[in-house]
Student: 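The following block contains the structure, expressed as structure tokens.
These figures come from a predicted structure and were not determined experimentally.
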Amino acid sequence: MSYSVDIDRKWQKKWEETGLYKFDPDKDGEKLYCLEMFSYPSGANLHLGHWYNYSLTDSWSRMKRMQGYNVFHPMGFDAFGLPAENYAIKTGIHPQDSTMKNIATMEKQLKEMGATFDWDYEIATCTPEYYKWNQWLFIKLYEKGLAYRKNAPVNWCPQCKTVLANEQVVDGKCERCDSEVVRKNMTQWFFKITEYAQELLDCLPDLDWPEKTKKIQTNWIGRSEGSQVAFTVEKDGQILKDDSGNDLKLEVFTTRADTFMGVTYVVVAPESELCSKLTTDECREAVEEYKVMTSKASDIDRMSTTREKTGVFTGSYAIHPLNGRKVPIWAADYVIAAYGTGVVMAVPSHDERDFEFATKYGLDIIRVVQSEKGVEDELPYCEKKGYLVNSGEFDGMEMHEAIDAIVGKLNTMGMGEKKVNYRLRDWLISRQRYWGTPIPMIHCEKCGIVPVPEKDLPVLLPYDVEFNPDGESPLAKCASFINCKCPKCGGDAKRDPDTMDTFVDSSWYEFRYVDNKNNDAIFDKDKVKKLCPVDKYVGGPEHAAMHLLYSRFICKAMRDMGLVDFDEPFTSLVHQGIILGPDGNRMSKSRGNTVAPDEYVMKYGSDVFRTYLAFGFAYTEGGPWNEDGLQAIVKFIRRVEKLAEDAASIDKIPFDRASLSKEDKDLDYVLNYTIKSASADIDRFQFNTSIARMMELINAIGKYQQSGNVNDAMLRHAVETLILLLSPFAPHLAEELWCEKLGNGYSVFDQKWPVFDEKALVKDELELPVQINGKLAFKIYVPVDSDQDAVEAAVRSDERLPEALAGRNIMKFIYVKGRICNVVAK
RNA sequence: GCGGGCGUGGCGGAAUGGCAGACGCAGCAGACUCAAAAUCUGCCGACCUUAAAUCGUGCGGGUUCAAGUCCCGCCGCCCGCACCA
């Protein structure tokens, strides 16, 4: 029976019946937790990207299994989220129904892929068994002060009438309907990820992750070293006081404290609370008008660096702590309320933005830094080097020295200190959506915010809810859900109407897999301790600054709660590339360039499809789909089957390496080289080259068969080794050939992975390229252990040398052992 | 604007500073065949009738005995961040 989808079905059935992939945590072998990012069941079918991710990571873990690791390889579904809800709005099919149906289909397809998942460990985040612990985690974070509520501006899509996550805003537009997103203030739940900003940065260097991904996280966290300095404020001729009656300190963050004596005005973000406090009655009308104007500006406008800067005077003045100068305080939306203190000191002479603003509004510009002493640079001069002028006692100082001196002086006055700021903001996790985990909090008029007691978890997501978007949380309109009793006082109270960002669900799922049926705890600490962290995590690079950051944060928070005993959830990370349509563009239904894996799998079988995905692309790069490549794999598989056929007619004779002919030795060399390089390539996720090595092995076996000097034991040994090497990519075929064709015992996946013999890789003679001035001239054969003198002698006496030298004289002779020699001639 | 990555035959793609183009696809030629398919064998960067020579990893410089690989300056494409003070 030659390979087809029928072979797939046959072995899938057998694997299931015999429980081949059942995971036993107590089995021998070093533990290895191999995990793909779980899938989102938005469509009914697995798409090509799923196949590319899952089938090849499965190949990797199959090799690891055969190498003796006790591999934990679970699968599940990230089942909450907006697409299912939108689908429901469009079709009237309830998200729960469509999601469960999609999950069932995808499970079936994943089984048809022939992957090693142990389905006993499956999770789906939309089940109460899972989201109960999502709620439990929320409450723990709340108790730890890591979950809190505040009023903040959010992304609002006027078309979809809902807030959007940051990642759902692409270039200021809603990723689904393409309408411009506006800002809106709402009271929301946040997770305090900023508390871990420094540690999230510090742990990055030790992670075996792509450098690019680490860089994205580094930039996203955005550590900035500077100083926080303070001004007092004069409003209506009076020094402004704070709530406790002391002089109000208007604090600003700056990385350029050296330019402090050049401050000619101060800018406050119009939406910050300070702005109203600073505005005088005289200026209030203009400032309020300006606030309205800027709040109308879309994020697209606001983000544009080319937009002309606007602003309005607040009427108040900041008093410079070192020279006593009174400088005006302006409100302008080029200052970001959420970064630093939301207030900025403006130095037009040494900052492009301030220069533009000062020029427009006729504000003073004072030079305080020169690139070289006495040089009048063109303003604004923004280089971070130079010497101070017009700065009183600091004149002549080098700028870095000046920063220390200025901040030092301010510090003695209680008006400044060194400070580190981060770009990272706290994680907004509230969503005004239906299809998510309900936030387990109760709002009581008497008692305030009260967490749902653990015994009352989970807070179930009701089924019958009107979830058409109208701007209000769907759960708020569900009376049976929203009305409840306060757990503290027993009076009437209301539940929080929002659900959690689905990134919360996926920020700890890797731990739940390990103990997915636990009804008493989020997971058993010892079980997680035994299997986690994840040793190899594979998924798309698009999660670099989202899921991969959130998960790291939650892991650290859990560690500080005593739930886990390690710092990082994913020790080693690989990103697969993206498979493009045949036209080289991203696949999309609107372009009509999508490739449906099912059709190919039905036609060619899972193994052909898997092996093609392995061979046709550099794994981390991806690339355009090309149908022709599949035919190449069909041919390749046919050749393997033919060889198995040939080997099957040979009785099992023990293979003896002691008595080998020249032909045997040549094949043995190729065989061992293949084992060595194919294994190393699979290990590094370089599947394309590992398959190439196997193709070379097939070519070598073909030549061997034609040599007329075939040692049966050698041939069978070579073919069996080939089948073992190929088995991770073509598991069904390998099982068929191994068990049925060659009559070996079930299962091929219980065999040991081939180990290469170093001795077989040692050759007697070495082929050595000889270069003249770096260009290949000819090749010589020398004994492997030849030293430089012997090689040089061989080259000098070679009859081809005079012609290659063409009259030039040998100046120098270079021999790189075992690799190359180069004759320098003139 | 800032940061990162990439650029190699007709195509997918290989190359720890050491023989550029592994492996495969497509193409060409041959064997088998009445014929075709399948299979097998050989050729397959450019220039050139052939050989030899020469040129050749986006462009221009440099380091080195030796550069696709390292350094500097450009061009093009992709990705991330974007008034972060």
Student: For nucleotides 11-15 of chain B, give me every protein contact, N/O to N/O, under 3.5 Å, one pair per line with atom names.
Tutor:
from, atom 1, to, atom 2, distance (Å)
B/G12, O2', A/Gly616, O, 2.5
B/G13, OP1, A/Gly622, O, 2.9
B/G13, O3', A/Asn688, ND2, 3.2
B/A14, OP1, A/Asn688, ND2, 3.2
B/A15, OP1, A/Gln686, OE1, 3.3

Student: With rounding to the closest Å, how many angstrom separate the C1' atoms on B/A66 and B/U16?
Tutor: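 Between the two C1' atoms, the distance is 15 Å.
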Student: Give a yes or no on whether a donor-acceptor pair under 3.5 Å exists between the nucleobase atoms of B/C19, that is its base, and the side chain of A/Lys779.
Tutor: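 Answer is yes: a donor-acceptor pair is held.
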Student: Let's see if you can work this out: which of B/A85, B/G4, B/C25 has an atom nearest to the side-chain heavy atoms of A/Thr255?
Tutor: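 Nearest listed nucleotide: B/A85.
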Student: Which pairs with one or both residues in residues 806-826 of chain A pass salt bridge (charged side-chain N to carboxylate O under 4.0 Å, His left out), sequence neighbours excluded?
Tutor: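 Of all non-adjacent pairs touching residues 806-826 of chain A, none passes salt bridge (charged side-chain N to carboxylate O under 4.0 Å, His left out).
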Student: In the structure shown, which nucleotide is the Watson-Crick or G-U wobble counterpart of B/U57, with both distances under 3.5 Å?
Tutor: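 The answer is none; no pair meets the criterion.
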Student: Hey, what's the ring geometry for A/Tyr52 with A/Tyr619, parallel, tilted or perpendicular (30° and 60° as the breaks)?
Tutor: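 The rings of A/Tyr52 and A/Tyr619 sit tilted, inter-plane angle from 30° to 60°.
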Student: Could you give the NZ-to-P distance, from A/Lys812 to B/A66, as a whole number of Å?
Tutor: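 Atom NZ in A/Lys812 sits about 9 Å away from atom P in B/A66.
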Student: With a 6.0 Å cut-off on the ring centroids, do A/Trp427 and A/Phe503 count as close?
Tutor: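 When the ring centroids of A/Trp427 and A/Phe503 are compared, they turn out to be at least 6.0 Å apart.
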Student: Would you kindly give the CH2-to-P distance between A/Trp330 and B/C83, to the nearest whole Å?
Tutor: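 Result: 22 Å.
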Student: At under 4.0 Å between heavy atoms, what does A/Asp354 touch on the DNA or RNA strands: base, sugar-phosphate, or nothing?
Tutor: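 No contact.
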Student: Whole Å only: how far is the CG atom of A/Leu726 from the C1' atom of B/C23?
Tutor: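 Interatomic distance, CG of A/Leu726 to C1' of B/C23: 15 Å.
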Student: When you measure from the side chain of A/Arg423, which nucleotide among B/G18, B/C81, B/A85 comes out closest?
Tutor: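 Given the options B/G18, B/C81, B/A85, the side chain of A/Arg423 is closest to B/C81.
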Student: Starting at CG of A/Asn219 and ending at P of B/A82, how long is that distance when rounded to a whole Å?
Tutor: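 Going from A/Asn219 (CG) to B/A82 (P), I get 10 Å.
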Student: Does B/A82 have a Watson-Crick or wobble mate here (both distances under 3.5 Å), and if so which one?
Tutor: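 Paired with no nucleotide.
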Student: Less than 6.0 angstrom separating the ring centers of A/Tyr334 and A/Phe357, yes or no?
Tutor: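 Judged by ring-centre distance (under 6.0 Å), A/Tyr334 and A/Phe357 do meet the cut-off.
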Student: Identify whether any heavy atom of A/Glu352 sits under 4.0 Å from a base atom; if not, whether one sits that close to sugar-phosphate; answer base, sugar-phosphate or nothing.
Tutor: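 Nothing: the residue A/Glu352, judged by heavy atoms under 4.0 Å, touches no strand.
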Student: Mind calculating the distance between CD (A/Gln217) and C1' (B/G3) to the nearest angstrom?
Tutor: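 To the nearest whole Å, that distance equals 15 Å.
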Student: What integer number of Å spans the C1' atoms of B/G68 and B/U49?
Tutor: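 Taking atom C1' in both B/G68 and B/U49, they lie 33 Å apart.
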Student: Would you call A/Arg353 and A/Glu356 a salt bridge, using N to O less than 4.0 angstrom?
Tutor: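 No.
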Student: For nucleotides B/G7 and B/C71, find the distance between their P atoms and express it as a whole number of Å.
Tutor: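 Straight-line distance between the two P atoms is 14 Å.
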Student: I'd like the C1' distance from B/C47 over to B/U54, given in whole Å.
Tutor: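 Result for the C1' pair: 8 Å, nearest Å.
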Student: Considering only the P atoms, how many Å lie between B/G10 and B/C44, rounded to the nearest integer?
Tutor: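 15 Å, rounded to whole Å.
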Student: B/C84 C1' sits how many Å from A/Lys384 NZ, rounded?
Tutor: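 The answer, rounded to whole Å, is 11 Å.
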Student: Taking syn as any angle within 90 degrees of 0 and anti as the rest, which one fits B/G9?
Tutor: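 Here B/G9 takes the syn form, which means its glycosidic angle is within 90° of 0.
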Student: Which base, if any, makes a Watson-Crick or G-U wobble pair with B/C70, both distances under 3.5 Å?
Tutor: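 Base-paired to B/G62.
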Student: May I ask you to verify whether the side chain of A/Arg425 and the base of B/C84 hold a donor-acceptor pair under 3.5 Å?
Tutor: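 Such a pair exists between side chain and base.
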Student: Partner lookup for B/A29, please. Criteria are Watson-Crick or G-U wobble with both distances under 3.5 angstrom; report none if nothing qualifies.
Tutor: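 Here B/A29 is engaged in a pair, and the nucleotide opposite it is B/U41.
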Student: Please state whether the base of B/C65 and the side chain of A/Asn822 form at least one donor-acceptor pair under 3.5 Å?
Tutor: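 Such a pair is found, so the answer is yes.
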Student: Could you walk me through whether A/Glu645 and A/Lys642 satisfy the salt bridge (charged side-chain N to carboxylate O under 4.0 Å, His left out) test, starting with their C-alpha distance in whole Å, then the side-chain angles of each, then the deciding distance to 0.1 Å, before giving a yes or no?
Tutor: CA-CA 5 Å; A/Glu645 186 84 36; A/Lys642 173 72 172 51; over 6 Å; no
Student: When we call it a touch if two heavy atoms are under 4.0 Å apart, what does A/Val344 touch: a base, just sugar-phosphate, or nothing?
Tutor: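 Answer is base: heavy atoms of A/Val344 come under 4.0 Å of a base.
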Student: In terms of side-chain heavy atoms of A/Asp333, which of B/A85, B/C40, B/C83 is nearest?
Tutor: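 The closest nucleotide is B/C83.
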Student: Quick one: does A/Ile682's side chain get under 4.5 Å of A/Leu725's, heavy atoms only?
Tutor: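 Side chain of A/Ile682 against side chain of A/Leu725, heavy atoms only: no contact under 4.5 Å found.
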Student: Using the six-membered ring wherever Trp is involved, compare the ring planes of A/Phe231 and A/His320 and label them parallel, tilted or perpendicular (cut-offs 30° and 60°).
Tutor: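 Perpendicular: the ring planes of A/Phe231 and A/His320 meet at over 60°.
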Student: So does A/Arg639 reach the base of B/U39 with its side chain, donor to acceptor, closer than 3.5 Å?
Tutor: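 Looking at the base of B/U39, it does not pair with any donor or acceptor on the side chain of A/Arg639 (distance under 3.5 Å).
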Student: Any idea which of B/C23, B/C19, B/U16 is nearest the A/Arg819 side chain?
Tutor: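 Closest nucleotide to the A/Arg819 side chain: B/U16.
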Student: Between atom NZ in A/Lys775 and atom C1' in B/C55, what is the gap in whole Å?
Tutor: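 So the NZ-C1' distance, A/Lys775 to B/C55, works out to 9 Å.
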Student: What distance, rounded to whole Å, do you find between the two P atoms, one in B/G4 and one in B/C72?
Tutor: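 Going atom to atom, P in each nucleotide, I get 11 Å.
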Student: When the nearest nucleotide of RNA chain B is assigned to A/Ala545 and to A/Arg256 on a heavy-atom basis, which residue is associated with the more 5' position?
Tutor: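 Of the two residues, A/Ala545 wins.
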Student: With rounding to whole Å, what would you report as the distance between B/U57 and B/C48 at their C1' atoms?
Tutor: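 Comparing C1' positions in B/U57 and B/C48 gives a spacing of 23 Å.
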Student: Under 30°, 30 to 60°, or over 60°: which ring-plane class applies to A/Trp51 and A/Phe609, parallel, tilted or perpendicular?
Tutor: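 A/Trp51 vs A/Phe609 ring planes: perpendicular.
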Student: Could you measure between the two C1' atoms, the one in B/G9 and the one in B/G56, and give it in whole Å?
Tutor: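 Going atom to atom, C1' in each nucleotide, I get 10 Å.
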Student: How long is the line joining CD1 of A/Ile820 and P of B/C65, in whole Å?
Tutor: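 Rounding to the nearest Å, CD1 of A/Ile820 and P of B/C65 are 15 Å apart.
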Student: Taking only side-chain N and O atoms of A/Tyr339, does any of them lie within less than 4.0 angstrom of OP1 or OP2 on B/A85?
Tutor: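 It does, given that an N or O in the side chain of A/Tyr339 lies less than 4.0 Å from OP1 or OP2 of B/A85.
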Student: Under 4.0 Å between a side-chain nitrogen and a carboxylate oxygen: does that hold for A/Lys215 and A/Glu211?
Tutor: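 Between A/Glu211 and A/Lys215 there is no salt bridge, as every charged N stays at least 4.0 Å from the carboxylate O atoms.
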